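Have a look at the structure below before the remarks.
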Amino acid sequence: MSLIYTIPQNHVVLIKRFGKHSRVQKDGLRFKIPFIESIKYVPEWNGTANKRGCYIELSEQQTDTPPRQCQTMDNVTIEADASIYWKIIDPVKAVYDIDILPKSISDVALNALRANIGKLKLDQLLSERQKLNQRIAAQLIEVASKWGVVFTRVEIQEINYSNETAEAMMQEMTAERKKRALIAEAEGKAKAELTKAQADADANLIRASAQAQALKVIGEAESNYILKLKQNTSTEAANQIMLSQKYIEGMKAITDNPSHKVFLPTNFKGAYELG
């Protein structure tokens, strides 16, 4: 590179003096002192977050991790990969404090992914993917500060598992649906029985209340009737009349069913005496 050069926007160049880091040059027209200063190159980054091997890029980067086999908490082997979004905020740390930054980012993200998957069951992993992304991103914060980068987000791309696992999951889902249907049916029956029992109880209460009211009315009517009889006859005659009426009502109730045998008492004279 020539002594005078232009650094692209949102890029920086690291200048070494006698092999030791000297300063960071930001975007614009820049120069270096010949023979004394040189530019730091990072060819091992393979074009990630840099241009021409020396322009360190400060904009957000995306790194797609290769698929890795992981074991869930319920011993299911899956294959997962992720996309990590990050950017360099301290180019000196990013270049000098870690050997190969892009490779290290991929490795640490995969390790965090594998460790967190091991804490979840497969069904949790499939239903809580967003929470898993947040946990991994939170774990990478400490590492990021040491390497002069910041992780903006982590997204799990794919979770693959064997056909046997898929079939087992389908069977489990079918069993779960049947279980829910049986529970719903049982709850419906229980609710119907409860409603019926409540209705019966309400009906019995209404009948009892009506009977009590009827008995009260009948009692009041009999009391008034006896009072009238006593006013028009003697007390003994009134009692005899009431007894005869009860006798007739009882005989009527007994003889309502033609199949019943009826034995008439011979010692009751009230009906005859009235005559």
Side-chain angles (χ1 to χ4, degrees), residues 10 45-50 56-91 93-94 97-191:
N10 212 28
W45 287 17
N46 294 321
T48 301
N50 76 94
I56 308 299
E57 193 169 356
L58 302 181
S59 58
E60 187 177 62
Q61 305 293 313
Q62 178 185 354
T63 297
D64 293 325
T65 66
R68 170 170 289 187
Q69 282 195 346
C70 306
Q71 200 83 8
T72 63
M73 190 177 181
D74 48 352
N75 295 322
V76 177
T77 301
I78 65 168
E79 209 173 59
D81 63 350
S83 284
I84 305 101
Y85 295 84
W86 55 280
K87 62 180 179 179
I88 297 173
I89 57 175
D90 188 336
K93 287 185 176 180
D97 288 2
I98 186 68
D99 187 18
I100 303 175
L101 180 65
K103 180 180 181 300
S104 298
I105 287 175
S106 177
D107 289 344
V108 74
L110 278 173
N111 289 336
L113 175 64
R114 187 173 184 177
N116 280 275
I117 286 176
K119 298 176 182 178
L120 298 174
K121 294 182 179 180
L122 181 58
D123 57 346
Q124 290 179 300
L125 176 61
L126 297 176
S127 62
E128 300 179 6
R129 184 178 296 194
Q130 186 59 36
K131 290 183 180 179
L132 181 60
N133 292 339
Q134 294 171 357
R135 288 194 201 104
I136 295 172
Q139 289 182 2
L140 297 178
I141 291 176
E142 184 178 355
V143 174
S145 63
K146 295 178 181 179
W147 294 351
V149 300
V150 60
F151 291 93
T152 54
R153 65 186 188 277
V154 177
E155 294 180 359
I156 298 175
Q157 296 299 300
E158 290 188 15
I159 298 176
N160 299 317
Y161 38 81
S162 65
N163 293 332
E164 290 80 4
T165 301
E167 185 177 352
M169 288 177 60
M170 184 60 67
Q171 292 176 354
E172 184 177 353
M173 287 168 49
T174 302
E176 184 64 24
R177 283 196 294 267
K178 289 182 179 178
K179 176 183 174 182
R180 290 176 184 172
L182 290 174
I183 291 174
E185 183 180 358
E187 288 178 347
K189 288 182 178 179
K191 188 175 181 180

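One-based numbering along the sequence shown. Worth saying up front: this structure is predicted, and the values here are computed from it rather than measured. These numbers come from the heavy atoms of this one structure, side chains and all, not from hydrogens, waters or symmetry mates.
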* **E185 bridged to K189 by N-O distance under 4.0 Å** =>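 Salt bridge between E185 and K189, a charged N being under 4.0 Å from a carboxylate O: yes.
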Give me the atom names and distance for the closest heavy-atom approach of [X] to [Y].
| X | Y | answer |
| --- | --- | --- |
| Q69 | R114 | O-NE, 3.9 Å |
| P66 | L110 | O-CD2, 3.6 Å |
| S145 | K93 | O-NZ, 3.5 Å |
| I84 | F151 | CG2-CD2, 3.2 Å |
| I88 | A94 | CG2-CB, 3.9 Å |
| T65 | A109 | CG2-CB, 4.5 Å |

About how many Å separate [atom2] of [Y] and [atom1] of [X], when rounded to the nearest 0.5 Å?
| X | Y | atom1 | atom2 | result |
| --- | --- | --- | --- | --- |
| N10 | E57 | CG | CD | 7.0 Å |
| R153 | E60 | CZ | CD | 5.5 Å |
| Q134 | E128 | CD | CD | 11.0 Å |
| T72 | Q124 | OG1 | CD | 9.5 Å |

Heavy-atom distance under 4.5 Å between the side chains of [X] and [Y], does that happen here?
| X | Y | value |
| --- | --- | --- |
| I159 | R129 | yes |
| I56 | W45 | yes |
| S104 | V143 | no |
| I98 | V149 | no |
| L113 | R68 | no |
| R135 | L132 | yes |
| Q71 | T77 | yes |
| D123 | L126 | no |

Output yes when a side-chain donor or acceptor of [X] lies under 3.5 Å from a complementary backbone atom of [Y], and no otherwise.
| X | Y | answer |
| --- | --- | --- |
| N133 | I156 | yes |
| T152 | Y85 | yes |
| N50 | T48 | yes |
| Q61 | S59 | yes |

* Asked: Going through the checks in order, is the side-chain hydrogen bond (donor to acceptor under 3.5 Å, both in side chains) test met by S83 and D64?
  -> CA-CA 4 Å; S83 284; D64 293 325; 2.4 Å; yes
* Decide yes or no on side chain to side chain contact (heavy atoms under 4.5 Å, CB included) for L125 and V76, but give the supporting numbers first. => CA-CA 11 Å; L125 176 61; V76 177; over 6 Å; no
* Test log, rule side chain to side chain contact (heavy atoms under 4.5 Å, CB included), inputs V108 and W147 -> CA-CA 12 Å; V108 74; W147 294 351; 4.0 Å; yes
